[in-house]
Amino acid sequence: MKRFNPKDIESKWQKIWDETGTYTANLHSNKPKYIAMSMFNYPSGNLHIGHAMNYTISDVKARFKRQQGFESYHPVGWDSFGLPAENRAIKESMSPQESMAQLIPGYRHAYKAMGWSNDWEKEIATHLPEYYKWTQWIFAQMFKHGLAYQDSRMQWWCEKDATVLANEQVIDGKCWRHDGPDDPLVEKKEIKQWFFKITEYADELLEATDALDWTESVKLAQKNWIGRSSGAEVTYRVKGADDSITVFTVAHDTMYGTTFIVLAPEHELVQKITTDAQKTDVEAYVQAAQMKSEVERQAEKTKTGVFTGAYAINPLSKKEIPIWIADYVLAGYGTGAVMGVPGEDGRDYEFAQKFGLDIIYTTEDQSFVEYHETIKKNPAGYKLANSEEFNGLDFKVGRQKILEKLESLSVGSEKVNYKMRDWSVSRQRYWGAPIPIIDCPKCGNVLVPDDQLPVILPELDDFQPSGDGRSALARATDWLHVDCPQCGGPAERETDTLDTYICSSWYMLRYMDPHNQEVIFDSAVVNKWAPIDFYNGGDHATAHLLYARFVARFFTKIGILDNPEPFKQMLFNGKVTASDGTMFSKSKGNGVDPLEIINSGYGADALRTYLMFAAPLELWARWDAQGVPATHRFLSRLWNLVQEYLEAPEGKTSPKQQKELLRITHQTIKKMTHDIENSAYNTAIAAGMTMVNDLYKQKAEALAKTDAWKQALEAIVACVGPFAPHTAEELWHELGHSATVHKDTWPDFDEKYLVQDTMTIAVQINGKLRAEIEVATDATEAAVTAAVYANEKVQTNIAGKEVIKTIYVPGKIVNLVVK
RNA sequence: GGGCGAGUGGUGGAACGGUAUACACGAGGGACUUAAAAUCCCUUGCUUUAAAAGGCUUGUGGGUUCGAAUCCCACCUCGCCCACCA
């Protein structure tokens, strides 16, 4: 009997699949399409267990659909621009180009060793000019449509990377790439940079979120990130001056409770309105605030602030209220100024307490309850108080009336605010797509004409940032100096490169037309293949997934794409940790190397099956050293069963066994089809294991080379195909097929085989299980009840008692209620 | 501080309001073997008992229901995301 030896069969089939193009998708096929993929790979080292997890999830889905008869496409590519590659290149004194040329082949080899069904004909890499030409084209389109602009702003700055960061790239006050305990906090620097106006789409993105078939937590994270709040802008006049201060509030119904105004230290009016007496204090405070990082500010437990000496007038109550500055007010949100309502807002309350400011309550119960709490506890509404003519009104009515009054006085209007900011897309680093802009002293920022794209990234010897806040490109003088496309005069190229999140915001669409050099993609093909049917990953709940949605939406506006949502279904899967629950890390050296496991003799199939079996996909799994041996054992049992069948004598299968084999088979097909469809891979594999166990029991009865056995074995081999593709392929061929198991082989199930002659009914007495009875499947309720009363245990339990109620759940349970 | 999840055997985990603990690991026993590995078979929630037969069990406490791991309320614990967003 042939032994199960993954080493031989895996490399054999990988070679055959490669040579025969088994996984090459025909984008013009007449079959229904299916495209499954996992988040883009960032080549930075070796394939690790997290990759193995992520890419196997989408590979199983793609394989399942391919077997079901879909034209299934499982694309592959490299998110090859970006800082890790550049930093590695600096460290190992090689160019990032060379670094990629070294890393990518290693990944290709590893992907094939994992048995992933990628289409290698359509491979892409974002650092190649044929790709980034179109990344630059997107920038140009954004620019032409008024969605790309340059601005000088305070921006997050990572000292280690010497580049700015997008808000989304700041994690707990640190750079997303340097968030270790010894890494520095990010700082703010004023830098001229490019932005994409994602805020223009905030509302659309928010509204479309609910309908997505995505993991709920991700949808929620996106909604929170966009952070819509609707309220009003109200203008307070500064006493004795022409200036006025506009604040944003969601609680304009509490306006009569405003007893002070607070400006952010950076607010433009601070200098102007501060009185001479307060000047020293205010300047000191502003300076101190500038020195502090955002995180230090937030870490402070108590409120700080300084009085400016100026007063504002409440436009409704006409009361004079002091104007303060305090760093609990953020310059970047709303208008950078708030109205202090200490009767209804916790932060204002704390501030008022500390500095002895007045507190006015505007609700009838006249005590401090947080505004949102008040509404939550009393959704029906509370009544306004201390609000002059609005007293006694329900807050919803009062709110509306107050708004109307503000509007009539021209001091307020409805306003919607978003937490989300525009997307900062400039990076002061070398290894990215150059921004296709030429800075002309006469014409200003001039777009590089489309026919001159791509702006090729010049090869350099030294990739270190130039140190003046510009990238290494500032030193590439030949490249830098160009003629202005508009006036022909001397000009300079933009030295910033594009955030690599732009590269990954549209790659899924390029997969459908990867080599097109005329246009970004053929819309006809893309409209056939988009959206991505299945997408998964364990990171980027906000940044990447929001950017991709934004860019796709933009494509629909400029008419090159039909569907504004790029990902139809998105599974946010868990990660794999070490057995002690801590993260795998290079520094700890506790990593598990997928290739090592494969090569140790267990094979890719056992590894894949273990990863998919360990836990539900959305949960985090702990690495268990016993796991791969266990799934290897399962595959080996299946293997041996098929070998025994092949060596079995010709003969007959009894009608009884035939019926049982059919039942086992169809029950398994049903369960596995349903579970893989629903991404419940762990229970699908469990069902496969159950079938193999059941077949071993049948084998003990009788095993002969019959159609009944063959059909059962073919079904389980096909169903295991998505998880253990090599083993399935080998066994499929051994069972007599010459075509691949991986196309059009998924078996159908028929409910009629699931029906048994008898069924087991559980009998409860007062809800407690007391007996089980066996009745004919077609037994009537009367027959079942009769069988229940005939049961000895039931009789003992109801002796001397009165049965007051009988509940019969057909096919399942009988519950007798006795007294 | 806000939001969202999750608490089930020794472990990872199963269970449309209907027989809790599928499947797997680990453990114990047996077969095969000179022996070991591999393989195959059996047992395995806790507990009383020699056995037969009971009792108890899904974080804690209540509730709804003929029936609750599942639904509702309160509490405890853990995890994740966001966080002075006005």
Side-chain angles (χ1 to χ4, degrees), chain A residues 3 171-172 216-225 227-229 231 247-252 254 262 264 294 297-301 303 326-330 332-341 344-348 350-351 370-373 417-421 541-542 572 574 579 581 610 613-616 618-627 629-631 633-634 636-637 640 671 680 682-693 696-697 699-700 760-772 793 804-818:
Chain A
R3 283 202 54 173
I171 315 281
D172 290 334
E216 282 304 315
S217 62
V218 175
K219 288 162 66 171
L220 203 75
Q222 298 222 337
K223 288 200 253 181
N224 288 340
W225 189 265
R228 184 194 148 101
S229 42
V247 302
F248 172 71
T249 176
V250 293
H252 43 278
T254 66
V262 193
E294 205 82 359
R297 274 198 196 184
Q298 290 173 14
E300 274 167 11
K301 288 189 189 77
K303 295 270 177 290
D327 62 10
Y328 81 90
V329 175
L330 307 173
Y333 182 74
T335 61
V338 303
M339 55 185 217
V341 188
E344 324 295 336
D345 183 279
R347 295 155 302 181
D348 298 344
E350 202 189 313
F351 194 74
E370 192 84 39
Y371 182 73
H372 302 283
E373 281 294 302
N417 234 306
Y418 298 93
K419 276 201 262 182
M420 187 167 72
R421 315 290 161 80
T542 46
F572 197 70
S579 48
Y610 163 66
F613 178 66
E618 55 279 5
L619 296 188
W620 287 50
R622 288 185 182 204
W623 182 259
D624 178 357
Q626 310 290 346
T631 46
R633 194 171 304 138
F634 159 60
S636 182
R637 276 165 68 80
N640 291 337
K671 174 89 175 142
N682 60 331
T683 51
I685 293 166
M689 289 171 168
T690 305
M691 173 150 172
V692 170
N693 292 345
Y696 266 71
K697 291 198 181 85
K699 184 191 82 175
T760 308
I761 302 286
V763 184
Q764 296 183 335
I765 290 163
N766 286 346
K768 287 211 177 232
L769 182 70
R770 293 298 177 193
E772 280 176 10
K793 280 188 183 170
I804 53 175
K805 199 171 175 185
T806 304
I807 294 108
Y808 175 53
V809 182
K812 295 229 165 105
I813 207 164
V814 172
N815 191 8
L816 301 180
V817 185
V818 301

Polar atom pairs (N or O), protein with nucleotides 66-69 of chain B, under 3.5 Å:
unit_1 : atom_1 : unit_2 : atom_2 : d
B/C66  : O2'    : A/N815 : ND2    : 3.2
B/C66  : O2     : A/N815 : ND2    : 2.6

- Note on the structure: Closest non-hydrogen contact found for A/F351 with A/A326 is CE1-CB, 3.7 Å
- Query: Can you tell me how far C1' of B/U8 sits from CG of A/L619, to the nearest Å?
  - Reply: 14 Å
- Query: C1' atom, B/U57 versus B/U48: distance in rounded Å?
  - Reply: 15 Å
- Message: Classify A/P629 by what it touches in the nucleic acid, base, sugar-phosphate, or nothing, heavy-atom distance under 4.0 Å.
- Response: nothing
- Quick one: CD1 on A/I804 to CG on A/N766, what's the gap to the nearest 0.5 Å? 7.5 Å
- Query: Counting side-chain heavy atoms from C-beta on, which of B/C23, B/G3, B/U19 comes nearest to A/M689?
  - Reply: B/C23
- Note on the structure: With syn defined as a glycosidic angle within 90 degrees of 0 and anti as anything else, the base of B/G30 is anti
- Message: Just to be sure I understand the rule, does A/I813 reach a base, reach only the sugar-phosphate, or reach nothing, if contact means heavy atoms closer than 4.0 Å?
- Response: base
- Note on the structure: Separation of B/C25 atom P from A/N682 atom CG, nearest Å, is 15 Å
- Message: Here's a test of your reading of the structure: between A/K793 and A/K812, which maps to the more 5' nucleotide of RNA chain B?
- Response: A/K812
- Closest non-hydrogen atom pair, A/Y696 against A/R637: OH-O, 2.9 Å
- Under 4.0 angstrom between A/S229 side-chain N/O and B/A86 OP1 or OP2: yes
- Watson-Crick or G-U counterpart of B/G18, or none if no pair lies under 3.5 Å: B/C66
- Query: Quick one: does A/Y328's side chain get under 4.5 Å of A/D348's, heavy atoms only?
  - Reply: yes
- Task: Provide the Watson-Crick or G-U wobble partner of B/U39, both distances under 3.5 Å; none if there is no partner.
- Result: B/A31
- Message: Check the phosphate of B/G55 against A/R770, side-chain N and O only, distance under 4.0 Å to OP1 or OP2. Yes or no?
- Response: yes
- Query: Considering only the C1' atoms, how many Å lie between B/U47 and B/C42, rounded to the nearest integer?
  - Reply: 23 Å
- Task: Of all the heavy-atom pairs spanning A/W225 and A/K419, show the shortest one and how long it is.
- Result: O-CB, 3.8 Å
- Message: With a 3.5 Å limit on both atom pairs, tell me what B/A74 is paired to, counting Watson-Crick and G-U wobble, or say none.
- Response: B/U60
- Is there a donor-acceptor contact under 3.5 Å from the side chain of A/Y610 to the main chain of A/D624? yes
- Where the side chain of A/Q626 is concerned, which of B/G26, B/A14, B/A86 is the nearest nucleotide? B/G26
- Item | Heavy-atom pair with the smallest gap, counting every atom of A/Q222 and A/A541 | NE2-O, 3.0 Å
- Of the listed B/C84, B/A86, B/A15, the closest approach to the A/T683 side chain comes from B/A15
- Message: Mind checking if A/S217 touches a base, just sugar-phosphate, or nothing, with heavy atoms under 4.0 Å?
- Response: nothing
Between the protein and nucleotides 10-12 of chain B, list the N/O to N/O atom pairs that are separated by less than 3.5 angstrom.
unit_1 : atom_1 : unit_2 : atom_2 : d
B/G12  : O2'    : A/A614 : O      : 2.8

- Can you tell me how far P of B/C82 sits from CH2 of A/W225, to the nearest Å? 7 Å
- Query: What integer number of Å spans the P atoms of B/A53 and B/C71?
  - Reply: 36 Å
- Query: Considering only the C1' atoms, how many Å lie between B/A86 and B/C4, rounded to the nearest integer?
  - Reply: 23 Å
- Message: Taking the side chain as everything from C-beta on, heavy atoms only, tell me whether A/N815 gets closer than 4.5 Å to A/K805.
- Response: no
- Mind checking the C1' distance from B/A14 to B/U70? Whole angstroms is fine. 13 Å
Please list, for nucleotides 35-44 of chain B, all pairs of protein and nucleotide N/O atoms separated by less than 3.5 Å.
unit_1 : atom_1 : unit_2 : atom_2 : d
B/C40  : OP1    : A/R637 : NH1    : 2.9
B/C41  : OP2    : A/R637 : NH1    : 3.4

- Of the candidate nucleotides B/U19, B/G13, B/C81, which contains the atom at the shortest distance from the side chain of A/A221? B/C81
- Message: I'd like the P distance from B/U44 over to B/G10, given in whole Å.
- Response: 15 Å
- Please evaluate the base of B/C84 for a donor-acceptor partner in the side chain of A/K303 within a cut-off of under 3.5 Å? yes
- Item | Shortest non-hydrogen separation from A/A762 to A/L769 and the atoms involved | CB-CD1, 3.7 Å
- Message: How many whole angstroms separate atom CZ of A/F572 from atom C1' of B/C81?
- Response: 9 Å
- Would you mind telling me which residue lines up with the more 5' stretch of RNA chain B, A/T249 or A/I761, judged by nearest nucleotide? A/I761
- Query: So, A/Y371 versus A/T249: side-chain donor-acceptor pair below 3.5 Å or not?
  - Reply: no
- Could you work out the separation of B/G13 and B/G26 based on their C1' atoms and round it to a whole Å? 14 Å
- Would you call A/I807 and A/V817 a side-chain contact if the rule is heavy atoms closer than 4.5 Å? yes
- Complementary nucleotide for B/G1 - Watson-Crick or wobble, under 3.5 Å: B/C82
- Message: Side chains of A/E216 and A/F572, heavy atoms from C-beta outward: is any pair under 4.5 Å?
- Response: no
- Task: Scan every strand shown for a Watson-Crick or G-U wobble partner of B/G9, both distances under 3.5 Å, and answer none if you come up empty.
- Result: none
- Nearest heavy-atom contact between A/S229 and A/V250 is CB-CG1, 3.9 Å
- Could you measure between the two P atoms, the one in B/A69 and the one in B/U21, and give it in whole Å? 12 Å
- Item | d(CD, A/E618; P, B/G13) in whole Å | 11 Å
- Write down the distance between OH (A/Y333) and P (B/A83), rounded to a whole number of angstrom. 13 Å
